[in-house]
Chemist: 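Sharing a structure below in structure tokens format, with a few things to ask.
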There are 2 protein chains.
Amino acid sequence: MKKNLEIFSNSPTCPIRNVFDRFGDKWSVLVLMVLGTHGGLMRFGELKEVIDDITQKMLTVTLRTLEADGLVARKYYQEIPPRVEYQLTDLGKDLVPHIENLANWASKHVDQILRSRKRFEKKVASKD
Amino acid sequence: MKKNLEIFSNSPTCPIRNVFDRFGDKWSVLVLMVLGTHGGLMRFGELKEVIDDITQKMLTVTLRTLEADGLVARKYYQEIPPRVEYQLTDLGKDLVPHIENLANWASKHVDQILRSRKRFEKKVASKD
DNA sequence: CCGTATCCGAGACGATACTG
DNA sequence: CAGTATCGTCTCGGATACGG
């Protein structure tokens with residue numbers, strides 16, 4: 001692999017593989033952006049309400065993964081009924097704007113992309 | 001869903017779902033960045049050589065998807081042996097810098113994230 | 001050289017039921 | 001309220017073989 005492409009290396013610490021692979025799941029980016037947009041602490045149920053088509057299981061799994069990565073902090077209150085609050089860590093706060101950049105790009109160009117996909121479908125279909 | 005969070009909507013044209021879902025696969029980002037770093041036309045075999053751990057099948061699949069999205073242009077030469085060249089479209093060229101931003105962030109913080117994951121593993125293990 | 005076709009395993013995801 | 005546990009489905013991606 002050429003020098004200036006070493007960032008793409010297959011090493012276990014390859015940044016792209018380690019970081020982008022996480023964003024690849026269905027919910028992480030969404031959760032990060034919701035926490036970023038909201039600004040402060042959010043309870044589990046609050047997140048569940050905003051991202052209303054996520055299942056309880058997947059919200060839990062996603063939050064655990066983000067917590068493991070040090071992007072989200074979890075605070076558990078020993079009360080009945082239990083209360084759990086989530087917020088971005090400093091690392092998370094640092095990351096979110098970069099994700100938002102990409103999200104803004106996505107917003108701006110999603111129509112073009114969707115149109116391109118349609119055109120491509122037709123092109124492929126016409127060759128059958 | 002609150003007004004300022006409409007970007008997260010579950011609609012079929014939701015930018016985040018439509019665009020990030022694509023980057024979520026294992027190879028798209030890598031291929032885009034290789035094409036972006038290289039700058040010009042690249043042959044299939046050349047891409048395969050640079051991203052040396054991708055299978056032929058996945059490189060084909062990934063390039064087709066990027067082509068469908070209008071991010072990569074494919075030029076096929078009717079020769080024997082066949083020659084196929086790929087390059088970023090204008091849309092692709094517009095996108096790549098945004099991805100690179102995120103990649104740079106990833107490079108900078110991957111160590112911290114990996115350390116955080118290790119710590120989290122230990123924390124979980126100690127509770128069993 | 002640049003694909004396609006087929007098979008297979010792993011894991012992501014959702015639905016549902018249950019719990020402190 | 002905020003989780004776990006379990007199960008079934010489906011898609012991704014790798015291995016391999018073959019083709020124009």
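Side chains included, hydrogens not; waters and symmetry mates left out as well; all remaining heavy atoms used. Proteins come first, then strands; the chains are lettered A, B, ... in the order of their sequence lines, and each starts at number 1.
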Chemist: Starting from A:Tyr76, can I reach A:Leu41 by hopping between I/L/V/M/F/W/Y residues whose side chains sit under 4.5 Å apart?
Modeler: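 Result: no, two separate clusters.
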Chemist: Going through the checks in order, is the salt bridge (charged side-chain N to carboxylate O under 4.0 Å, His left out) test met by B:Asp69 and B:Arg22?
Modeler: CA-CA 9 Å; B:Asp69 284 6; B:Arg22 288 292 219 235; 3.0 Å; yes
Chemist: Can you tell me the distance, in whole Å, between the CG atom of A:Leu63 and the P atom of D:dT4?
Modeler: 11 Å
Chemist: Is the shortest heavy-atom distance from the side chain of B:Asp25 to the side chain of A:Phe20 under 4.5 Å?
Modeler: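 Of all side-chain heavy-atom pairs linking A:Phe20 with B:Asp25, none is under 4.5 Å.
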Chemist: Pick base, sugar-phosphate or nothing for B:Gln56, based on heavy-atom distances below 4.0 Å to the nucleic acid.
Modeler: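 Base contact.
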Chemist: Grab the CG-C1' distance between B:Leu59 and D:dG13 for me, whole Å please.
Modeler: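 Whole-Å distance recorded here is 13 Å.
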Chemist: Could you tell me how far apart A:Leu41 (CG) and D:dC1 (P) are, to the nearest whole angstrom?
Modeler: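 About 18 Å, once rounded to whole Å.
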Chemist: Thinking salt bridges, do B:Arg119 and B:Glu121 make one under a 4.0 Å N-O criterion?
Modeler: no
Chemist: Which nucleotide in the set C:dG3, D:dG20, D:dA2 lies at the smallest distance from any side-chain heavy atom of A:Pro82?
Modeler: D:dA2
Chemist: Rounded to the Å, how far apart are A:Glu46 CD and D:dA2 C1'?
Modeler: 14 Å
Chemist: Check this one for me: any side-chain N or O of B:Arg74 less than 4.0 Å away from OP1 or OP2 of C:dG3?
Modeler: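 So the side chain of B:Arg74 is within the cut-off, an N or O lying under 4.0 Å from OP1 or OP2 of C:dG3.
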Chemist: Think A:Arg43 has a side-chain N or O under 4.0 angstrom from the OP1 or OP2 of D:dA2?
Modeler: yes
Chemist: Side-chain contact test, heavy atoms from C-beta onward, threshold under 4.5 Å: evaluate it for A:Val31 versus A:Ile51 and give yes or no.
Modeler: yes
Chemist: Output the rounded distance in Å from OH (A:Tyr77) to P (D:dG3).
Modeler: 13 Å
Chemist: Strictly by modelled atom types, are B:Asp94 and A:His109 linked by a side-chain donor-acceptor pair under 3.5 Å?
Modeler: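 A:His109 and B:Asp94 do have a side-chain donor-acceptor pair below 3.5 Å.
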Chemist: Between A:Leu47 (CG) and D:dC1 (C1'), how many Å, whole number?
Modeler: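 After rounding, the gap between these two atoms is 13 Å.
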Chemist: Is NZ or CZ of B:Lys48 both nearer than 6.0 Å to the six-membered ring centre of B:Phe44 and within 45° of the ring axis?
Modeler: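 Judged by the rule, B:Lys48 and B:Phe44 form no cation-pi pair.
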Chemist: Which nucleotide wins on minimum distance to the side chain of B:Phe44, given the candidates D:dG3, C:dC1, C:dC2?
Modeler: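 Between D:dG3, C:dC1, C:dC2, the one nearest the side chain of B:Phe44 would be C:dC2.
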Chemist: Atom OH of B:Tyr76 to atom P of C:dC1: distance rounded to whole Å?
Modeler: 14 Å
Chemist: As a test of reading the structure: which of D:dC1, D:dA2, C:dG3 is closest to the side chain of A:Val84, going by heavy atoms?
Modeler: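 Selected nucleotide: D:dA2.
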Chemist: Atom CG of B:Asp21 and atom P of D:dT11: how far apart are they, to the nearest Å?
Modeler: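 About 13 Å, once rounded to whole Å.
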Chemist: Under 4.0 Å between a side-chain N/O of A:Tyr86 and OP1 or OP2 of D:dG3, yes or no?
Modeler: yes
Chemist: What does the list of N/O pairs under 3.5 Å between the protein and nucleotides 13-15 of chain C look like, with a distance for each?
Modeler:
residue : atom : partner : partner atom : Å
C:dC13  : OP1  : A:Lys26 : N            : 2.9
C:dG14  : OP1  : A:Lys26 : NZ           : 2.9
C:dG14  : OP2  : A:Trp27 : NE1          : 3.3
C:dG14  : N7   : A:Lys57 : NZ           : 3.3
C:dG14  : O6   : A:Lys57 : NZ           : 2.3

